[in-house]
2 protein chains.
Amino acid sequence: MTDLHTTNALRLLQVADDFRAGLSGEFSAVHGISVNEFLLLLHLERSAANRLPRVELARRMHVSASTITRMAAPMEKIGLLDREVDERDARLVFVVATNAGRAKLSEALSTFSKRAGYLFGDRCEDEEMDQFASMLRRLIAGTGDTLA
Amino acid sequence: MTDLHTTNALRLLQVADDFRAGLSGEFSAVHGISVNEFLLLLHLERSAANRLPRVELARRMHVSASTITRMAAPMEKIGLLDREVDERDARLVFVVATNAGRAKLSEALSTFSKRAGYLFGDRCEDEEMDQFASMLRRLIAGTGDTLA
DNA sequence: GCGAATCGCTTGCGTACGCAAGCATATTGC
DNA sequence: GCAATATGCTTGCGTACGCAAGCGATTCGC
């Protein structure tokens, strides 16, 4: 508890939970999507050709493969996503973002940015934001696939 | 996307998700509790007299009151928690940590600290950790009830 | 005081998730 | 070549959660 590493990890979780809880409400109200659906679209946008195999998407989002199946199904129905089967390996089913999906992501991203502004807003100097970014980049580094 | 606030918010969510996912596995395997149960015990530990009204606990944990009811029930059964009714206001039901609950928290906290060490470990200088702590403290400030 | 609104907690119902089993496709060992 | 194994995806089942309704207890308006 006097350990600074522990304190910072706890604060990290708390800030992230607070931020996510705020996002969740506005996303469902304004854009009709969940935070996880937003992150799914974002992972696709950050990948080559706007598509990823379902199992890879699951790994990056820390969810099970079955969750991807069940999350993608309704998003395909409303036209945000499409599916493509790999030519070489018929086991691989790619999740693809449609134009509508990318547009939805773009809208949601502006809401996200607005709330990110609220979060850091006037509480932080530019120099601090740079240091913060540097810190977070290193913490993500081990994970491999970066989202930002 | 070129916005540093947005980038940092995304990284914040990603680091927190990664860390939480890692914790989740070790907590259930080693201590037999979930991350949320751990946080519940921690909120009690950080409060006066190791007890909080259920509704207050719900607010701090960003969950609904019904979730507190359903989370506390099995923890009472195995002796980690107890319940106390307020003398003045019979509507208030306090969630209280038992000695067993505080012991369980202590065990889990050492696992938490170990993983916090892995997270920041050799990636961060002491001075950076201080800046990081200062940053996170300000980001939590608006929320009110601090966990760390 | 006393009805009405409020508050805290619990319960029914629908939704989202993980795990294990099952199926189809690929790859490996021989 | 052909079993045996491994990989990717989906489906059944159990669990955790939010929302809305309901029930006691309290406070407010008058």
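Any value given below was found using the heavy atoms of this structure, including those in side chains, with hydrogens, waters and symmetry copies removed. Lettering follows sequence order; numbering is per chain, from 1.
A:Asp89 is linked by a salt bridge (charged side-chain N to carboxylate O under 4.0 Å, His left out) to A:Arg91, counting only residues two or more places apart in sequence or in another chain. Residues satisfying the side-chain contact (heavy atoms from CB on, under 4.5 Å) test with B:Thr69, not counting sequence neighbours, are B:Arg54. With sequence neighbours excluded, no residue forms a side-chain contact (heavy atoms from CB on, under 4.5 Å) with A:Ser110. A:His5 is linked by a ring-ring contact (aromatic ring centres under 6.0 Å, His included) to B:Phe120, counting only residues two or more places apart in sequence or in another chain.
Summary of helix geometry: the two end axes of the helix from C:dG1-D:dC30 to C:dC30-D:dG1, each defined by five base pairs via their C1' atoms, are inclined to each other by 30° (rounded to 10°).
The minimum heavy-atom distance linking A:Ile33 with A:Ala108 is given by the pair CD1-CB, 4.0 Å. Across all their heavy atoms, B:Leu44 and B:Val96 have their closest contact at CD1-C, 4.1 Å. Minimum heavy-atom separation, B:Ala100 to B:Leu80: O-CD2, 3.7 Å. Nearest heavy atoms, A:Leu41 versus A:Leu105: O-CD2, 3.7 Å.
Listed by first and then second residue, the side-chain hydrogen bond (donor to acceptor under 3.5 Å, both in side chains) pairs that reach into residues 95-107 of chain B are B:Glu45-B:Arg102, sequence neighbours excluded. Applying the side-chain hydrogen bond (donor to acceptor under 3.5 Å, both in side chains) test to every pair with at least one member in residues 19-31 of chain B, sequence neighbours left out, gives these pairs: A:Asp17-B:Arg20, B:Glu26-B:Lys114, B:Glu26-B:Arg115, B:His31-B:Thr111. Every pair passing side-chain hydrogen bond (donor to acceptor under 3.5 Å, both in side chains) that includes a residue from residues 76-87 of chain B is listed here, sequence neighbours excluded: B:Arg51-B:Glu84.
Within residues 84-93 of chain B, the residues that have a heavy atom under 4.0 Å from DNA chain D are, in order of number, B:Arg88, B:Asp89, B:Ala90, B:Arg91. Residues from residues 66-74 of chain B lying near DNA chain D, meaning a heavy-atom separation below 4.0 Å, are B:Ser66, B:Thr67, B:Arg70 in numerical order. A heavy atom closer than 4.0 Å to some atom of DNA chain C occurs in no member of residues 19-30 of chain A.
Applying ring pair (Phe, Tyr, Trp, His ring centres under 6.0 Å) to B:Phe112 and the options B:Phe27, B:Phe38, B:Tyr118 leaves one that passes, B:Phe38.
Boundaries of the chain A contact region on DNA chain D are D:dA6 to D:dC13, first to last in 5' to 3' order (nucleotide atom under 4.0 Å from a heavy atom).
Atom CD in B:Glu56 sits about 10 Å away from atom P in C:dG8, given to the nearest Å.
A:Ile68 and A:Leu92 fall into different hydrophobic clusters, defined by Ile, Leu, Val, Met, Phe, Trp and Tyr side-chain heavy atoms under 4.5 Å apart, directly or through other members. One hydrophobic cluster holds both A:Phe19 and A:Leu12 under the rule that ILVMFWY side chains link at heavy-atom gaps under 4.5 Å.
With hydrogens and angles disregarded, no donor-acceptor distance shorter than 3.5 Å links the side chain of B:Glu56 to the backbone of B:Pro53.
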